[in-house]
There are 2 protein chains.
Amino acid sequence: MDTRERLIESARELLWERGYVGTSPKAIQARSGVGQGSMYHHFAGKSDLALAAIDRSAEELRARADAAFAGPGTAMDRITAYFRLEREVLKGCPIGGLTQDPDVMADPRLRRPVEETFTWLTDRLAELLAEASNDRVNARATATALVAVLQGGYVLARAAGSVDVHTRAIDGALGLLAGYVASPQLCREGHLSGIRRP
Amino acid sequence: MDTRERLIESARELLWERGYVGTSPKAIQARSGVGQGSMYHHFAGKSDLALAAIDRSAEELRARADAAFAGPGTAMDRITAYFRLEREVLKGCPIGGLTQDPDVMADPRLRRPVEETFTWLTDRLAELLAEASNDRVNARATATALVAVLQGGYVLARAAGSVDVHTRAIDGALGLLAGYVASPQLCREGHLSGIRRP
DNA sequence: GTCTATACAACGATAGAC
DNA sequence: GTCTATCGTTGTATAGAC
């Protein structure tokens with residue numbers, strides 16, 4: 001692996017483990033075994049290297065999701081397959097975690113891949129949901145809720161220090177989803193009556 | 001407001017905005033208008049002050065949730081009321097956001113209030129769900145999924161730079177939930193058949 | 001209790017030799 | 001391309017006077 005590559009991979013690991021604010025150029029150099037001078041030769045600075053790292057992590061996430069979405073079976077099978085993918089739950093989501101980083105959110109270049117990843121993922125899931133439930137109307141909101149369960153699952157699992165919580169969140173979501181797919185109408189009526197109530 | 005109080009409140013704001021790693025004692029002093037010496041007189045150091053701040057934020061979150069849970073109407077009404085509470089979505093969850101902070105997760109004293117808050121919230125919600133659906137079996141997983149939607153909603157909203165995404169996630173979740181409450185059996189059967197499939 | 005002074009490492013980057 | 005030296009700033013305190 002060449003120097004540039006090692007820097008990107010080390011930066012990815014550190015961004016995942018400690019976030020952007022918590023990661024220093026020095027730490028990246030130490031982990032990659034690349035010297036100060038080399039790093040600044042290949043990248044203009046911390047944020048430049050971080051961008052390369054974030055871009056790659058985003059690409060990886062998309063590729064994994066795409067593989068699950070393109071798998072065999074019904075739309076619901078493929079949604080389920082995506083949710084059941086193995087994840088390093090206690091490390092958190094390498095992309096979602098960045099939303100908590102003030103310096104990432106403040107820099108449009110760093111934030112963009114994060115934003116695009118979730119837009120893409122939600123849209124893709126909404127298509128599959130529309131197919132699974134024959135209900136175009138609620139697909140977008142339902143897809144958003146599902147992606148949120150995944151992201152929130154990381155938060156709860158890290159808080160609890162236990163992978164199980166993430167699993168449980170997904171189980172709960174898939175349970176709700178099964179009812180929805182069996183009868184989207186029921187959810188819709190129930191929801192509307194709930195909205196009217198207050 | 002006395003000195004100690006101002007320090008805690010400033011620390012709370014900064015922890016919320018920039019996280020623990022991103023917040024320096026100096027920044028807390030600047031925001032609170034309290035001098036270096038005073039701060040170290042009232043608190044042993046950064047983590048000690050942060051603990052006081054986190055404890056208070058956790059208590060506040062609980063109090064708000066409790067107020068919604070103790071409101072009028074059916075169990076489902078009270079769950080809905082909790083989900084419809086006003087939130088500073090783009091700032092993220094003052095407690096959930098801390099799970100992304102490596103130095104908070106690494107320190108048991110700082111992590112504890114975060115863990116306890118989510119355990120408490122999930123349990124409370126599970127009780128209400130059991131009441132609303134007459135289904136004790138899935139209440140825990142469903143409650144976990146719901147709390148995850150809330151937390152993940154913050155993540156997605158911050159990524160998108162838009163409050164709407166959080167609202168949409170909640171709408172999606174409440175829609176799914178309405179179907180579940182109307183027919184818990186349907187969700188359960190559907191879910192089990194989904195689990196069997198792969 | 002609060003202030004100022006001091007300390008010493010780490011941060012993020014630049015300079016210039018090789 | 002990589003190395004070492006250097007730089008000015010901030011982080012996280014401690015010391016001691018008032």
Side-chain angles (χ1 to χ4, degrees), chain A residues 1-56 97-98 100-111, chain B residues 1-56 97-98 100-111:
Chain A
M1 198 160 46
D2 71 350
T3 305
R4 197 190 148 82
E5 199 58 24
R6 285 206 317 253
L7 283 166
I8 294 176
E9 287 303 316
S10 298
R12 292 217 299 152
E13 291 171 18
L14 283 163
L15 284 177
W16 198 0
E17 292 166 19
R18 303 202 37 88
Y20 182 79
V21 170
T23 298
S24 65
K26 195 178 208 167
I28 298 172
Q29 292 151 28
R31 177 160 313 198
S32 61
V34 169
Q36 187 96 325
S38 287
M39 191 195 114
Y40 282 101
H41 170 75
H42 289 287
F43 296 96
K46 178 180 172 177
S47 74
D48 194 41
L49 172 49
L51 178 58
I54 293 172
D55 272 339
R56 180 168 301 179
L98 297 171
Q100 199 50 38
D101 223 299
D103 292 1
V104 171
M105 292 295 99
D107 181 340
R109 293 182 69 226
L110 296 181
R111 184 177 134 185
Chain B
M1 197 159 51
D2 71 350
T3 305
R4 198 190 147 80
E5 199 58 23
R6 285 205 318 254
L7 283 166
I8 294 176
E9 287 303 316
S10 298
R12 292 217 299 152
E13 291 170 18
L14 282 163
L15 283 178
W16 198 1
E17 292 165 19
R18 302 203 37 88
Y20 181 78
V21 170
T23 297
S24 66
K26 196 177 210 169
I28 298 172
Q29 292 151 27
R31 178 160 312 197
S32 62
V34 169
Q36 187 94 326
S38 285
M39 192 194 115
Y40 283 101
H41 170 75
H42 290 286
F43 296 96
K46 178 181 171 176
S47 74
D48 193 41
L49 173 48
L51 178 58
I54 293 172
D55 272 339
R56 181 169 299 179
L98 297 171
Q100 199 50 39
D101 223 299
D103 292 2
V104 170
M105 291 296 100
D107 181 340
R109 294 182 71 226
L110 296 180
R111 186 178 132 183

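Keep in mind the model is a prediction, meaning the values are calculated, not measured. Just so we're on the same page: letters track the sequence lines, and every chain starts at 1.
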* Asked: Is B:Arg12 salt-bridged to B:Glu9, cutoff N-O under 4.0 Å?
  -> yes
* Spacing of A:Phe43 atom CZ relative to C:dT14 atom C1', expressed in whole Å -> 18 Å
* Asked: What string of B, S and - do you get for nucleotides 11-18 of chain D, 5' to 3', if B is base contact, S is sugar-phosphate-only contact and - is no contact with any protein heavy atom under 4.0 Å?
  -> SSBB----
* Structure fact -> Here the distance between atom C1' of C:dT4 and atom CE of B:Met39, to the nearest Å, is 16 Å
* **Below 4.0 Å: OP1/OP2 of C:dG1 and any side-chain N or O of B:Thr3** => no
* **Inter-residue atom distance A:His42.NE2 - A:Ile8.CD1, 0.5 Å rounding** => 10.0 Å
* Determine: side-chain N/O of B:His42 to OP1/OP2 of C:dT2, distance under 4.0 Å, yes or no. => yes
* Asked: According to the salt bridge (charged side-chain N to carboxylate O under 4.0 Å, His left out) rule, which pairs have a member within residues 27-43 of chain B, sequence neighbours left out?
  -> B:Glu13-B:Arg31, B:Glu17-B:Arg31
* Atom CG of B:Leu7 and atom P of C:dG1: how far apart are they, to the nearest Å? -> 13 Å
* Euclidean distance, atom CG of residue A:Leu14 to atom C1' of C:dC11 [Å, nearest integer] -> 15 Å
Hey, can you pull the donor-acceptor pairs under 3.5 Å for the side chains in residues 46-55 of chain A, sequence neighbours left out?
residue : atom : partner : partner atom : Å
A:Lys46 : NZ   : A:Tyr20 : O            : 2.9
A:Lys46 : NZ   : A:Thr23 : O            : 2.9
A:Asp48 : OD2  : A:Ala44 : N            : 3.1

* Would you please test A:Asp103 and B:Arg18 for side-chain contact (heavy atoms from CB on, under 4.5 Å) and show each step? => CA-CA 8 Å; A:Asp103 292 1; B:Arg18 302 203 37 88; 3.3 Å; yes
* State the NE2-CZ distance between B:His41 and B:Arg4, to the nearest 0.5 angstrom. => 9.5 Å
